[in-house]
S.K.: 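The structure is given below, and queries will be raised subsequently.
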Amino acid sequence: MSPSAPHHDSATPAELQARERQAQRNAVVELVKVAPIAEELAQRFAAAGHRLYLVGGSVRDALLGRLGTDLDFTTDAHPEQVRELLTGWAETIWDTGIQFGTLGAYRHGTTVEITTFRADTYDGVGRKPDVTFGDTIEGDLVRRDFTVNAMAIELPARTFVDLHGGMADLAERRLDTPAAPEDSFADDPLRMLRAARFVSQLGFTAADRVVTAMTDMATQITRITPERVHVELSKLLCGENPRRGIELLVETGLADHVLPEVPAMKLEIDEHHQHKDVYRHSLTVLDQAIDLEQAADPGGEPDLVLRLAALLHDIGKPATRRFESGGGVSFHHHEVVGAKMVRKRLRALRYPKDVIKDVADLVFLHLRFHGYSDGQWTDSAVRRYVNDAGPLLPRLHKLVRADCTTRNKRKASALQRAYDDLEERIDRIAAAEDLAKVRPDLDGNEIIRLLGVEPGPVVGQAWKHLKELRLDRGPMSHDEAVEELLNWAREQGIEVP
């Protein structure tokens with residue numbers, strides 16, 4: 001199903017109403033779990049003559065039965081009044097968001113953020129609003145991004161406030177905006193990326209009018225800073241179904257502005273030059289990598305590095321495609337080109353240096369295994385494979401296995417058997433040689449003593465030479481290592497004491 005396709009639900013109106021009532025009961029059950037915190041807070045605000053509502057994502061998650069310990073509230077109290085009410089109740093208070101009317105607090109394992117009713121205006125250039133405090137919950141809710149995030153529960157009465165059909169959209173798993181999507185996205189273009197993120201995280205389907213607005217306004221995303229874009233992309237990729245989120249970005253043209261290398265993989269295929277649809281292949285590799293990730297660590301945190309590498313592992317193919325005589329197609333060295341492209345794109349998106357390096361290294365290494373398909377690698381080649389992957393080896397295993405998307409069952413089985421064999425060889429050699437710590441058989445201090453040199457480049461060159469020998473031959477005795485070092489020194493014209 002296309003990410004923008006309408007969600008067809010055969011439920012009758014009565015069944016939908018029953019779902020809504022059940023969702024409300026779920027919300028109450030979830031609230032009871034944190035009732036002491038919510039009730040205490042509500043009573044303090046009520047005693048001071050102020051109204052307090054659980055709002056936004058907290059209500060949505062309560063209705064979905066997944067409310068956590070981070071709670072969002074809105075109130076008619078202004079920030080300094082909120083601070084007074086939190087003082088003496090909260091264990092910790094912070095005001096980093098006070099310019100937007102938000103104060104945060106922590107009490108008994110629960111984090112709360114309380115924001116004064118807002119009635120913001122936007123200048124249509126940046127995404128930061130001119131903050132204006134509002135007077136009503138109605139005015140506050142209509143400015144929110146999506147209907148499923150525009151519901152509130154008034155406390156302590158626990159009265160539901162749903163003015164924009166959020167409950168119905170939640171029941172039908174539909175993503176729509178309280179106001180016209182064009183107005184919402186013009187106010188804050190980041191909401192278009194949030195739409196794709198919610199499609200991934202919640203499994204919702206974007207309403208047709210939302211998809212139309214995203215398509216028409218895709219260029220507006222350039223108003224958003226790279227840092228904010230990469231945060232949303234990371235959340236999307238770490239969702240339960242990132243493929244659908246990526247498909248929505250590509251379908252609407254947003255990806256052309258935030259991750260253009262992905263839609264660029266949609267290479268034209270003609271009857272004379274057959275090859276895989278690289279774009280669809282990459283999405284399948286992403287799905288399969290996630291399956292392997294979750295099988296290895298059920299309930300673990302999503303692996304952003306692996307997911308980025310799976311999505312981007314073939315982005316070098318468009319630039320390296322060559323049509324061969326006889327109708328073949330080649331992509332020579334696409335892993336080298338792809339690794340460079342990954343570094344450039346992730347730097348532009350302001351990803352951390354360690355993430356950039358790890359993703360680029362995985363892309364660079366993902367084809368290395370295919371030289372092993374006939375099982376003829378020497379032990380030296382296996383050691384180098386492990387050494388070059390370093391701590392990325394478990395991720396590389398998953399990426400290489402996920403990269404097999406052929407429909408030819410015999411070919412797929414052969415590739416999986418070959419990789420099983422490689423992993424078994426790695427395990428055998430590792431057990432004997434501790435491959436995770438492959439180092440020369442002499443350390444720097446011994447090299448200095450044996451050669452009679454000062455610390456400097458010569459020591460590094462000698463160390464590298466001995467490490468290459470270690471990778472080629474495996475562990476050497478101390479005497480063998482000394483002999484090899486002295487032979488190397490003589491070849492370099494170094495006078496040995």
Side-chain angles (χ1 to χ4, degrees), residues 309 316 320 332-344 347 353-397 399-400 422-497:
T320 57
H332 294 307
H333 304 302
H334 76 267
E335 75 283 9
V336 178
V337 173
K340 292 179 180 177
M341 293 172 67
V342 163
R343 290 190 188 94
K344 183 177 179 180
R347 284 187 191 125
K353 290 181 179 179
D354 59 332
V355 172
I356 296 171
K357 181 181 184 305
D358 287 350
V359 175
D361 285 352
L362 285 170
V363 171
F364 179 75
L365 292 169
H366 83 274
L367 278 188
R368 183 80 62 85
F369 158 72
H370 292 281
Y372 183 83
S373 297
D374 57 4
Q376 297 301 307
W377 275 9
T378 62
D379 284 355
S380 171
V382 174
R383 291 188 197 97
R384 290 182 182 279
Y385 187 76
V386 174
N387 182 73
D388 290 348
L392 293 175
L393 185 63
R395 285 178 171 131
L396 184 59
H397 287 335
L399 178 59
V400 172
L422 175 58
E423 286 203 58
E424 289 172 5
R425 284 188 66 189
I426 289 171
D427 290 342
R428 286 198 304 272
I429 297 173
E433 302 179 15
D434 192 8
L435 285 184
K437 299 178 181 178
V438 171
R439 299 179 65 81
D441 295 278
L442 301 175
D443 64 19
N445 290 329
E446 282 191 284
I447 292 170
I448 290 171
R449 179 177 60 80
L450 289 166
L451 298 185
V453 297
E454 296 293 325
V458 169
V459 179
Q461 293 164 14
W463 191 93
K464 184 176 180 181
H465 172 72
L466 291 174
K467 181 174 181 179
E468 290 295 316
L469 288 177
R470 173 72 170 76
L471 289 168
D472 281 336
R473 293 165 43 177
M476 292 182 287
S477 70
H478 185 271
D479 289 345
E480 289 174 327
V482 170
E483 182 179 354
E484 291 292 347
L485 173 66
L486 297 180
N487 288 339
W488 173 84
R490 294 187 189 99
E491 291 172 2
Q492 302 301 313
I494 298 171
E495 294 186 11
V496 179

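All residue numbers in this chain count up from 1 along the given sequence.
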S.K.: Using 0.5 Å steps for rounding, measure from the CG atom of Leu396 to the OH atom of Tyr385.
M.R.: 3.5 Å
S.K.: Give every donor-acceptor pair under 3.5 Å between a side-chain atom in residues 355-369 and any protein atom, sequence neighbours left out.
M.R.:
residue : atom : partner : partner atom : Å
Lys357  : NZ   : Asp361  : OD2          : 2.7
His366  : ND1  : Val363  : O            : 2.6
Arg368  : NH1  : Asp388  : OD2          : 2.9

S.K.: Please report the interatomic distance CD1(Ile426) to CD(Glu424), rounded to the nearest 0.5 Å.
M.R.: 10.5 Å
S.K.: For Asn387 versus Lys467, what's the shortest heavy-atom pair and its separation?
M.R.: OD1-NZ, 3.2 Å
S.K.: With Leu450, which residues qualify under side chain to side chain contact (heavy atoms under 4.5 Å, CB included), at least two apart?
M.R.: Leu442, Val482, Leu485
S.K.: For Glu484 and His465, run side-chain hydrogen bond (donor to acceptor under 3.5 Å, both in side chains): C-alpha distance rounded to whole Å, both residues' side-chain angles, the deciding distance at 0.1 Å, then the answer.
M.R.: CA-CA 9 Å; Glu484 291 292 347; His465 172 72; 4.8 Å; no
S.K.: Might you point out which heavy atoms bring Ile447 and Ala462 nearest each other, and give the distance in Å?
M.R.: CG2-CB, 3.8 Å
S.K.: Given salt bridge (Lys or Arg N to Asp or Glu O under 4.0 Å), test Glu335 with Lys340 step by step and report yes or no.
M.R.: CA-CA 9 Å; Glu335 75 283 9; Lys340 292 179 180 177; over 6 Å; no
S.K.: If you take all heavy atoms of His334 and Thr320, which pair is closest and at what distance?
M.R.: CB-OG1, 3.3 Å
S.K.: Taking only distance into account, with no hydrogens and no angle test, what donor-acceptor pairs under 3.5 Å do side-chain atoms of residues 486-497 form with protein atoms, sequence neighbours excluded?
M.R.:
residue : atom : partner : partner atom : Å
Asn487  : OD1  : Arg490  : NH1          : 3.1
Asn487  : ND2  : Glu483  : O            : 3.3

S.K.: Quick check for you: to the nearest 0.5 Å, what is the distance between Trp463 atom CH2 and Glu468 atom CD?
M.R.: 10.0 Å
S.K.: Working to the nearest 0.5 Å, report the span between OG of Ser477 and CD of Glu480.
M.R.: 3.5 Å
S.K.: How long is the span from the CZ atom in Arg428 to the CG atom in Asp379, to the nearest 0.5 Å?
M.R.: 8.5 Å
